Amino acid sequence: MGQPRSDRGLGIALVIAAAVAWSTAPFFTRLLPFDPWTILFWRGLFAGSLITVFLVVMQGRAALWQLVVPGKGGLLVASLSAVGMVSFIPALQMTKVMNVAVLIATQPFIAAALAWLWLGEAATWRTLTASLIAFAGVVITVGGVQAGADLGGVALSCLMVLAISAMTVVVRRHRETSMVAAAALSNFMGSLVSLPFAHDIAHVGGNGLAILAMFGCLQVALGLTFYMLGSRLLPSGQASLIATLETPLMPFWIWVAFRELPAVHALIGGALVIGAVIADIAGDARSRRPS
């Protein structure tokens, strides 16, 4: 309740930066002609390595011990994050980008419910209302899920949303844990899990490695680190709501890079999501302004 405005503002800025970084995933995925497990292996290896370097620069070599002994909270955060990451890339390849993007917009409801059940952390009416508006954007955007492979992609997307929502709550519960170390560990775990299924590792050339390095460093390392640091400064429901900015930004990058214009209903739904997030941030700023 008595959280400084500077901490709240920093949390909002970090989660917005995370959403922008995460939203570039479909762009990188389109550029890579490899199986999802090969992408996950290299992406996690590059991302985990960069975060580890960042950790050592900031805290010294002694910080590496946090990777070896992350503690119960760090291990749980890393495991949930790894489940979310391992589900994400196959989901993007099995169903439409918009199907994945809009399912992410249901995360505020799940995170708020888990936070209420576990931490007794009640979301404000403002955030709940904004989440409902964002969910309306989801309903408008989704034009219907096709059968077959689409259903598998949607199922993986739902698993990802559940894992990241639970991770958001655990981050709030274990604030004493080094979330930067947990972010690095989660990427290494994802690479380890993907290795037995990665069939295209031997076919990744120099150009592919360069794209995978940018994928891991920009989309994963920065996004995950920003989100873990920012979400510990915000209520779980609000952090998840702001992260839904990823939803309309995902097709935006596809349009910029590949000139694939989203359907009209997707644009309307995306506008509702963006409007709901902006309204919640503005309302939060007004409520914390000194009288």
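Residue numbers start at 1 and run along the sequence shown. As the structure is a computational prediction, the values presented were derived from the model and not from experiment.
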Practice task
Run the numbers on Phe46 and Leu209 for side-chain contact (heavy atoms from CB on, under 4.5 Å), then give the verdict.
Solution key: CA-CA 10 Å; Phe46 282 120; Leu209 280 177; 4.3 Å; yes
Exercise for the section: Decide side-chain contact (heavy atoms from CB on, under 4.5 Å) for Leu40 and Val193; before the verdict, give the C-alpha distance in whole Å, the side-chain angles of both, and the deciding distance to 0.1 Å. Expected result: CA-CA 9 Å; Leu40 284 165; Val193 170; over 6 Å; no
Problem - Criterion side-chain contact (heavy atoms from CB on, under 4.5 Å) on Leu245 and Val20, from CA distance to verdict - result: CA-CA 7 Å; Leu245 283 173; Val20 174; over 6 Å; no
Exercise for the section: Test side-chain contact (heavy atoms from CB on, under 4.5 Å) on Phe215 and Ile89 and set out the steps. Expected result: CA-CA 12 Å; Phe215 197 176; Ile89 298 302; 3.7 Å; yes
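Using cut-offs of 30° and 60° on the angle between ring planes, the pair Tyr227 and Trp22 is tilted.
Atom OG1 in Thr177 sits 9.5 Å away from atom CG in Leu76 (nearest 0.5 Å). To the nearest 0.5 Å, atom NZ of residue Lys72 and atom CZ of residue Arg173 are 7.0 Å apart. Taking CD from Gln59 and CD from Gln66, the interatomic distance works out to 5.0 Å, rounded to the nearest 0.5 Å. Here the CD1 atom belonging to Ile201 is positioned 4.5 Å from the CZ atom belonging to Phe41, to the nearest 0.5 angstrom. Atom CE of Met179 is separated from atom CE of Met167 by 9.0 Å, given to the nearest 0.5 angstrom. Here Phe27 contributes atom CZ and Leu32 contributes atom CG; the two are 9.5 Å apart, rounded to the nearest 0.5 Å.
A donor-acceptor contact shorter than 3.5 Å links the side chain of Ser191 to the backbone of Leu45. When atom types are taken as modelled, the side chain of Arg172 and the backbone of Leu234 share a donor-acceptor pair closer than 3.5 angstrom. A side-chain donor-acceptor contact under 3.5 Å links Ser240 to the backbone of Ser236. For Asp200 (side chain) and His203 (main-chain N/O), no donor-acceptor pair under 3.5 Å exists by modelled atom type. Looking only at distances, a side-chain donor or acceptor of Arg126 sits under 3.5 Å from a matching main-chain atom of Asp280.
Thr52 is listed as a side-chain neighbour of Phe188, based on a closest heavy-atom distance under 4.5 Å. Counting only heavy atoms from C-beta outward, the side chains of Val69 and Trp65 approach each other to under 4.5 Å. Put simply, the side chain of Val170 reaches to within 4.5 Å of the side chain of Leu80, judged on heavy atoms. For the pair Val169 and Ser165, the minimum side-chain heavy-atom distance is 4.5 Å or more. Annotation: side chain of Thr244 is in contact with side chain of Leu241 (closest heavy-atom distance under 4.5 Å). Arg8 is listed as a side-chain neighbour of Gln238, based on a closest heavy-atom distance under 4.5 Å. Side-chain contact check for His174 versus Val77: every heavy-atom pair is 4.5 Å or farther apart. The shortest side-chain heavy-atom distance between Leu162 and Val83 does not fall under the 4.5 Å cut-off.
Residue Met189 is tested with Leu185, Leu192, Asn187 for a side-chain contact (heavy atoms from CB on, under 4.5 Å); the sole match is Leu185.
Here the shortest heavy-atom pairing between Ser186 and Ala82 reads O-CB, 3.6 Å. Listed here is the closest heavy atom pair of Val15 and Ser231: CG2-N, 4.0 Å. Nearest heavy atom pair, residue Ala181 against residue Leu55, reads CB-CD2, 3.9 Å. Shortest non-hydrogen contact noted between Leu31 and Pro33 is O-CD, 3.6 Å. The heavy-atom pair separating Leu156 from Met94 by the smallest distance is CD1-SD, 3.7 Å. The minimum heavy-atom distance linking Pro26 with Ser23 is given by the pair CD-O, 3.3 Å.
Cluster membership check: Ile16 shares its hydrophobic cluster with Leu10, using side-chain heavy-atom separations under 4.5 Å among Ile, Leu, Val, Met, Phe, Trp and Tyr. Cluster membership for Val180 and Leu233, using ILVMFWY side-chain heavy atoms within less than 4.5 angstrom, is shared. The same ILVMFWY cluster, assembled from side-chain heavy atoms under 4.5 Å apart, contains both Leu14 and Leu218. A continuous path of ILVMFWY side-chain contacts below 4.5 Å connects Trp118 to Val161, so both sit in one hydrophobic cluster. Cluster annotation: Leu119 and Leu117 are assigned to distinct hydrophobic clusters (Ile/Leu/Val/Met/Phe/Trp/Tyr, side-chain heavy-atom contacts under 4.5 Å, transitive).
Checked against a 6.0 Å centroid threshold, the rings of Phe197 and Trp37 count as neighbours.
Other residues, nucleotides and ligands place no more than 12 heavy atoms under 6.0 Å from the CH2 atom of Trp255.
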